[in-house]
Protein chains: 2
Amino acid sequence: MTQITIFVFMNLNDFYEKGAQLFLPNLSVDLVIIGYTDSKLKCLLLQLGDKWILPGGYILRTESVDDATLRILQERTGLDDPHFKFLSVFGGKDRKFTEEWRQFFKINNLPFKEDYWTNDRFVTLAYYSLVDFESTTPVIGNLDTAFGWFDLDQLPNMMMDHKEIVLTAKERLKEDVRHEYLSYNLLAEDFTMPQLHQLHQTILGEELDRSRFQKKMLASGMFERLPKLQTDSPGRKPYLYRVKKD
Amino acid sequence: MTQITIFVFMNLNDFYEKGAQLFLPNLSVDLVIIGYTDSKLKCLLLQLGDKWILPGGYILRTESVDDATLRILQERTGLDDPHFKFLSVFGGKDRKFTEEWRQFFKINNLPFKEDYWTNDRFVTLAYYSLVDFESTTPVIGNLDTAFGWFDLDQLPNMMMDHKEIVLTAKERLKEDVRHEYLSYNLLAEDFTMPQLHQLHQTILGEELDRSRFQKKMLASGMFERLPKLQTDSPGRKPYLYRVKKD
DNA sequence: CCAAAAGTGTTATGGCTACACCCATGT
DNA sequence: ACATGGGTGTAGCCATAACACTTTTGG
């Protein structure tokens with residue numbers, strides 16, 4: 001499969017020279033893309049130089065903020081219709097990447113100009129997205145050297161306030177999962193209650209009564225029961241469930 | 001008292017010619033300032049031409065988004081330490097005021113240029129603020145001809161998506177008041193439980209059991225009881241309460 | 001048969017609902 | 001005295017907590 005870059009329509013030089021005409025300047029979107037595997041929450045990060053950053057992008061003048069978020073998310077994950085939710089605005093007064101970019105351009109022998117629009121101060125709109133780890137195929141950008149899924153409890157050295165953004169998402173997820181049924185976005189289409197139960201325990205970082213959890217979920221009426229899952233492990237076979245669509 | 005304008009440091013011409021250097025372009029802050037009087041929720045609006053708009057402003061390059069919000073709020077209300085809370089991002093793809101400004105400039109015989117930075121597309125960060133109606137002294141801007149407190153159920157003709165922003169705030173307030181104790185920001189420092197009770201009923205648009213409400217509030221432990229209020233109305237005198245500060 | 005895993009049931013408790021009752025004060 | 005308005009009490013109900021019990025399946 002060919003690798004797609006996020007700036008499909010322009011080369012890197014054009015991006016720096018003409019980007020300010022195409023995108024809204026001083027404004028960006030950052031995504032906390034969260035997956036779940038091996039009973040752990042993972043966050044998708046990209047490597048830039050010796051640090052890690054959140055996937056993100058800029059808003060085209062011709063698209064709404066939501067359109068931009070969806071587009072960037074699709075470009076980065078390969079998913080058709082990913083879940084996402086607004087997290088917070090990060091608008092610190094010295095929020096700029098000048099030094100990081102300068103270093104990066106130097107190391108990679110790229111032409112650098114102090115007045116590139118990307119060196120200006122940025123306000124970022126942070127969103128979080130809950131994705132099925134298995135069906136997500138991360139895509140790196142022009143400048144990134146790698147992607148990685150990091151445990152939310154073991155984050156690497158990150159650029160600027162990006163670690164703070166991830167931790168905000170982690171806390172927000174805890175709050176949201178108590179009020180809304182959104183956690184299923186982290187699982188495949190069909191899942192069992194024990195899986196959902198374990199997921200909630202991981203998100204909240206505490207034990208939840210099995211019995212109560214199951215009854216509460218079923219009482220919500222938003223899951224439909226499917227045939228039992230067949231495995232070769234010992235013990236009773238759990239039912240599969242799926243979110244009712246309507 | 002002399003009237004203060006929001007752009008204390010520059011004249012109108014400079015604002016249009018040089019504003020883009022001082023402020024972050026394509027980004028604004030809009031405020032839904034909500035007060036409570038006569039058992040009704042009121043929203044502070046400013047008149048611009050024949051329409052009404054939300055008070056708002058732009059973010060200085062030297063200040064954080066929160067600083068800007070607080071500054072604008074203080075300038076507009078005269079309050080020292082007003083409450084405010086992030087509401088939502090409004091980022092529609094055609095969100096610009098060009099025609100409105102053109103008309104307004106024409107009517108007022110002001111020089112108008114198509115390429116003023118304020119004619120560009122804007123993403124706005126909407127905040128809502130709950131203020132004590134009595135101690136708020138609204139201040140109009142350079143271009144506004146009047147201010148007004150409008151009943152949330154009887155909003156006037158408003159510019160662009162500003163009415164949608166107000167209605168979003170109204171709904172958000174309903175949600176928030178069920179989870180958090182923030183409604184007291186709408187009252188004076190000392191208030192009675194019947195007053196707080198009526199306020200909640202107004203916000204939620206439904207009747208709430210008097211008994212239950214009182215017990216719930218007192219059980220929260222966040223209010224301290226003061227001497228009874230003296231009035232000349234018939235009936236028992238209610239206690240005054242104040243939010244405990246710790 | 002036993003251990004493991006999933007599903008269901010039972011009792012206690014705490015908060016919420018709805019209403020009744022009691023207290024204080026002006027006319 | 002009584003109307004008005006504020007404060008508190010109580011019985012029923014429902015969701016949750018804690019834990020016990022039963023069912024299914026592999027070894």
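Protein atom CZ of A:Phe191 is 15 Å distant from nucleotide atom P of C:dA6, rounded to whole Å. The distance between atom CZ of A:Phe213 and atom C1' of D:dA15, rounded to the nearest whole Å, is 16 Å. Rounding to whole angstrom units, NZ of residue A:Lys228 and P of D:dT25 are separated by 5 Å. Summarising the geometry, the separation between CG on B:Leu218 and C1' on C:dG15 is reported as 16 Å, rounded to the nearest angstrom. Here the P atom of nucleotide C:dA20 and the CZ atom of B:Arg212 are 14 Å apart, to the nearest Å. Nucleotide C:dA3 holds its C1' atom 13 Å from the NZ atom of A:Lys237, rounded to whole Å.
Minimum atom distance to the side chain of A:Pro194 is reached by C:dG7, of the listed C:dG7, D:dG7, C:dC16. The listed nucleotides are D:dG7, C:dA18, C:dA4; the one nearest the side chain of B:Lys215 is C:dA18. The B:Asp209 side chain lies nearest to C:dC19 when the options are C:dC16, C:dC19, C:dG7.
Side chain A:Lys216 to base C:dT8: no donor-acceptor pair is found below 3.5 Å. The base of D:dG9 lies close enough to the side chain of B:Ser211 for a donor and an acceptor atom to sit less than 3.5 Å apart. B:Arg236 contributes a side-chain N or O that forms a donor-acceptor pair with the base of C:dC23 under 3.5 Å.
Ring geometry for A:Tyr181 against A:Phe223 counts as perpendicular: the plane angle is over 60°, on a 0 to 90° scale with 30° as the lower cut.
Residue B:Gln214 places none of its side-chain N or O atoms closer than 4.0 Å to OP1 or OP2 of D:dG6.
A cation-pi arrangement is found for B:Lys228 relative to B:Tyr239, the charged atom lying closer than 6.0 Å to the ring centre and inside a 45° cone about the ring normal.
Contact of the B:Leu218 side chain with the B:Tyr241 side chain is registered, since non-hydrogen atoms from C-beta on lie closer than 4.5 Å. No side-chain heavy atom of B:Leu45 sits under 4.5 Å from any side-chain heavy atom of B:Phe147.
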